[in-house]
Each structure stands twice: as C-alpha cells, then as structure tokens.
Amino acid sequence: MATIRKRNGNWQALVRRSGQKTLSRTFSTKAAAVTWSRTKETEFDVAERPSEVIELATTTLADLIERYRDTVTPTKRSAYQERYRMERLLRHPITKLTLDRLTTGAFARYRDERLKEVGNQQVRHDLLAFGVVLRAARLDWDVPLKDVFLDALRKPKMPPSRDRRLHHGEMELIRDAALAGNTVYIWDVIQFALETAMRQSEILGLTWQTVSISKKMVFLPLTKNGLGMSLYAKRLEKGRFIWPSPADGVVAISPAQLAYMLDGIDWRSPRHTFRPQSAG
C-alpha cells in the first residue's frame with residue numbers, strides 16, 4: 001500500500017507490502033511521488049502474481065463477451081435479443097482492449113460516443129451488458145479482475161416514462177399498413193396486443209393448451225417476472241365498470257373492488273350499476 005505525505009517542503013512516497021522491504025523516495029512534486037509509487041506497486045504485483053498479470057495482459061474484453069455469448073446467453077429466454085446486442089458490442093473498438101487496459105474512463109468514452117447515436121435507455125442497456133459479462137468473468141470464471149469498472153461510472157439518466165397514445169386516425173393507418181403487408185394475421189395480433197397488453201413473446205408463445213375460448217381465458221405459464229398468470233376477458237351485458245381514480249397516472253385496485261367491478265357493482269356504494277329485474 002502506498003502512502004504519500006508532505007515533508008520538509010517535498011513529497012515523500014512510501015510503498016509497503018507484506019513480506020517485502022518498505023520502499024521510500026522523496027520528490028519535489030506530488031504527481032511525481034504518485035507515479036513512482038504506482039510503478040513500484042505494479043512491480044510488486046507482477047512479482048507476486050505473474051500468472052494473473054499475464055492473463056489480464058493477454059485476455060481482451062472481446063474474449064469475455066464471446067465466452068458469455070456462447071455459454072451463458074443460450075440459457076436465457078431473451079437469448080436472441082442478447083446475442084444480437086453482444087454481436088454489436090463486439091464490433092466496437094473498446095472490446096479489443098486487454099483487461100489490464102480497461103478503465104472506468106474507457107467506458108465513459110464509450111458512453112459519450114454512443115450517446116451521440118442513440119438514446120439514454122439504449123446506452124444504459126449496453127453498459128449493463130458490459131457489467132454482466134465482467135461480473136461473470138470475475139465471480140464465475142476466476143478471471144483476476146480487481147474491479148468491474150462500471151460500478152463507479154455515471155450512467156445516463158433514465159428517460160421519462162412513455163405516455164404516448166394513439167391520435168385520431170393513427171389506428172386506421174396502422175390497420176391499413178398491416179393489411180397491405182404479406183404477414184398473415186398481423187392485424188389480428190396487433191388488435192389482440194392492444195386489448196390484452198400482452199408482450200410479443202407472450203403472444204407468440206400461445207398454444208391451444210393455454211387458451212380457453214369458453215372461459216375467455218388465456219394462461220401465461222411464464223411472464224417477465226418469472227411467474228405464471230391468467231388473463232380473462234369480461235364484457236358486461238348490463239351496467240358498467242366503475243374504475244378508481246388514477247393517482248400519478250396509476251390505477252390501484254383491491255381484490256374486493258375488482259370482484260365488484262366484474263359483477264357490475266359500484267364498489268363505492270355497493271349496488272348494481274343497472275336496475276335489477278327483480279329483488280329478493
């Protein structure tokens with residue numbers, strides 16, 4: 001461990017390492033003392049762990065990304081998307097750096113360069129991918145990395161949540177474009193997605209075993225959070241749904257309120273939202 005201290009108008013550098021003789025030297029500037037102490041610490045590292053130093057100097061970031069792409073990515077549900085991202089990252093010059101030359105500054109330059117081409121969210125995804133690979137190398141593959149580098153890096157701010165809604169006439173434009181294409185059933189899929197808010201992978205994964213027409217139900221065995229979920233379609237023949245007022249753009253509803261709604265009952269003052277034919 002290096003210690004830099006001011007002494008008699010000069011700067012003294014001390015380098016201590018267990019089992020080694022303490023080294024010291026005096027300089028006229030602090031910068032020179034820091035540079036010398038880092039050099040000596042590096043020499044100690046090389047002498048104590050020559051195999052680790054050689055591995056870091058001969059392994060590139062691309063080597064780690066390729067290993068992750070070939071061994072870890074195929075086990076994920078999002079393998080196709082992640083593989084595409086990894087292939088794109090491999091084309092960037094930063095992946096040609098050996099691990100001993102990786103620094104937080106190198107990733108900062110990548111961040112700033114990438115922000116000129118794409119939005120904040122895309123850059124955050126890229127940095128997350130780099131971090132996942134480096135952590136796997138450090139924790140699972142015994143690569144002697146001291147730092148992940150991404151932990152101290154300032155990430156771009158999260159973009160504001162999307163609140164885009166279809167404007168008048170846009171649904172018709174989407175329909176016309178979908179029907180004019182060659183993809184069979186694409187317009188039906190779009191309508192189904194709008195009605196259910198299901199994700200693309202969830203819709204494409206539907207089978208007759210997970211769909212019940214009679215119950216108007218769809219079962220999703222595996223959703224984004226890793227759990228299963230059932231979706232039901234409900235249309236009131238009489239009355240109307242009474243929704244709670246949104247707070248900060250979100251509608252919170254309790255199980256009891258939902259049960260009332262599905263039966264056409266006003267949960268605020270429990271009674272039917274339509275006039276019953278008979279009472280009893």
Side-chain angles (χ1 to χ4, degrees), residues 1-69 71-72 85-86 88-118 120 123-157:
M1 179 178 178
T3 301
I4 309 297
R5 62 185 182 185
K6 196 169 186 178
R7 185 177 183 184
N8 299 327
N10 293 315
W11 293 92
Q12 184 184 48
L14 297 172
V15 180
R16 300 182 179 90
R17 186 65 62 94
S18 178
Q20 300 288 344
K21 181 181 178 180
T22 299
L23 302 179
S24 65
R25 189 169 177 179
T26 302
F27 300 87
S28 58
T29 64
K30 183 178 180 180
V34 170
T35 300
W36 178 84
S37 62
R38 288 178 177 173
T39 300
K40 294 304 176 182
E41 286 187 315
T42 300
E43 292 176 357
F44 278 139
D45 290 338
V46 172
E48 293 175 356
R49 300 188 300 274
S51 60
E52 294 183 3
V53 173
I54 292 174
E55 182 176 359
L56 294 178
T58 57
T59 304
T60 66
L61 178 57
D63 294 330
L64 300 184
I65 294 176
E66 289 172 351
R67 179 176 178 180
Y68 191 94
R69 177 200 62 192
T71 60
V72 181
R85 183 182 302 278
M86 295 298 180
R88 179 173 52 74
L89 294 179
L90 284 169
R91 294 194 293 269
H92 195 276
I94 192 175
T95 63
K96 305 303 185 290
L97 293 176
T98 53
L99 300 183
D100 62 334
R101 296 173 60 196
L102 280 181
T103 63
T104 301
F107 287 106
R109 288 188 291 274
Y110 172 89
R111 175 200 62 201
D112 297 340
E113 175 186 324
R114 188 74 171 137
L115 282 172
K116 297 177 182 178
E117 303 172 350
V118 298
N120 289 14
V123 177
R124 289 178 66 92
H125 285 316
D126 288 353
L127 296 176
L128 176 62
F130 282 130
V132 166
V133 171
L134 291 173
R135 287 186 181 88
R138 183 182 182 186
L139 300 176
D140 301 331
W141 304 339
D142 290 330
V143 176
L145 284 169
K146 292 184 178 180
D147 297 299
V148 176
F149 307 109
L150 278 301
D151 294 335
L153 182 67
R154 289 186 299 106
K155 312 297 191 301
K157 292 183 179 180

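Just so it is clear, the structure is predicted and the values come from calculations on it, not from any experiment. Because only heavy atoms are used, hydrogens play no part in the values below, and waters and symmetry mates are left out as well, while side chains stay in.
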Open item on the list: Can you give me the closest heavy-atom contact between I4 and A33, atom names plus distance?
Closed with: CD1-O, 3.9 Å
TODO: Using side chain to side chain contact (heavy atoms under 4.5 Å, CB included) as the criterion, list what pairs up with T60, not counting sequence neighbours.
DONE: A62, D63, T98
- [ ] Please answer whether the main-chain N or O of S24 pairs with a side-chain N or O of K40 as donor and acceptor at a distance below 3.5 Å.
- [x] no
Task: Taking every non-hydrogen atom, the tightest pair across S28 and N10 - done: CA-OD1, 3.9 Å
TODO: Hey, can you tell me if F27 and W36 have their rings parallel, tilted or perpendicular (30° and 60° cut-offs)?
DONE: tilted
TODO: Look only at the side chain of R138 and the backbone of L145, and say whether a donor-acceptor pair between them is shorter than 3.5 Å.
DONE: yes
TODO: Please say which of R88, H92, R111 ends up in a side-chain hydrogen bond (donor to acceptor under 3.5 Å, both in side chains) with D126.
DONE: R88
Open item on the list: Could you check whether any side-chain heavy atom of L61 comes within less than 4.5 Å of a side-chain heavy atom of F107, counting everything from C-beta outward?
Closed with: yes
TODO: Could you tell me whether the side chain of T59 reaches within less than 4.5 Å of the side chain of V143, counting heavy atoms only?
DONE: no
Open item on the list: Within this structure, what is the OG1-CD distance for the pair T26 and Q12, rounded to the nearest 0.5 Å?
Closed with: 4.5 Å
Open item on the list: Under 4.0 Å between a side-chain nitrogen and a carboxylate oxygen: does that hold for D140 and R67?
Closed with: no
Open item on the list: Can you confirm whether P156 sits close enough to L127 that some side-chain heavy atom of one is under 4.5 Å from a side-chain heavy atom of the other?
Closed with: yes
TODO: State whether E41 and R38 are salt-bridged, where the test is any N-O pair (Lys NZ or Arg NE/NH1/NH2 against Asp/Glu carboxylate O) under 4.0 Å.
DONE: no
- [ ] Nearest 0.5 Å please: distance from the CZ atom of R5 over to the NZ atom of K30.
- [x] 14.0 Å
- [ ] Report yes if some heavy atom in the side chain of I65 is under 4.5 Å from a heavy atom in the side chain of F130; otherwise report no.
- [x] yes
- [ ] For residues L97 and A106, report the shortest heavy-atom separation together with the two atoms involved.
- [x] CD1-CB, 4.1 Å
Open item on the list: So M86 and V133, do their side chains get closer than 4.5 Å, heavy atoms only?
Closed with: yes
Open item on the list: Would you compute the distance between atom CZ of R124 and atom CG of L115 and round it to the nearest 0.5 angstrom?
Closed with: 11.0 Å
Task: Side-chain touch L153/T104, heavy atoms, less than 4.5 angstrom - done: yes
TODO: Evaluate the side-chain proximity of V123 to N120: yes if any heavy-atom separation is below 4.5 Å, no if none is.
DONE: no
- [ ] Measure the spacing between CG of L89 and CZ of R69 and express it to the nearest 0.5 Å.
- [x] 11.5 Å
- [ ] Measure the spacing between CG of L134 and CG of L99 and express it to the nearest 0.5 Å.
- [x] 7.5 Å
TODO: Using a 4.5 Å cut-off on heavy atoms from C-beta on, say whether the side chain of L23 contacts that of R25.
DONE: no
TODO: Starting at CG of L102, measure out to CD1 of I94 and round the result to the nearest 0.5 Å.
DONE: 6.5 Å
TODO: Looking only at non-hydrogen atoms, find the nearest pair between L14 and R16 and report the distance.
DONE: CD1-NH2, 3.4 Å
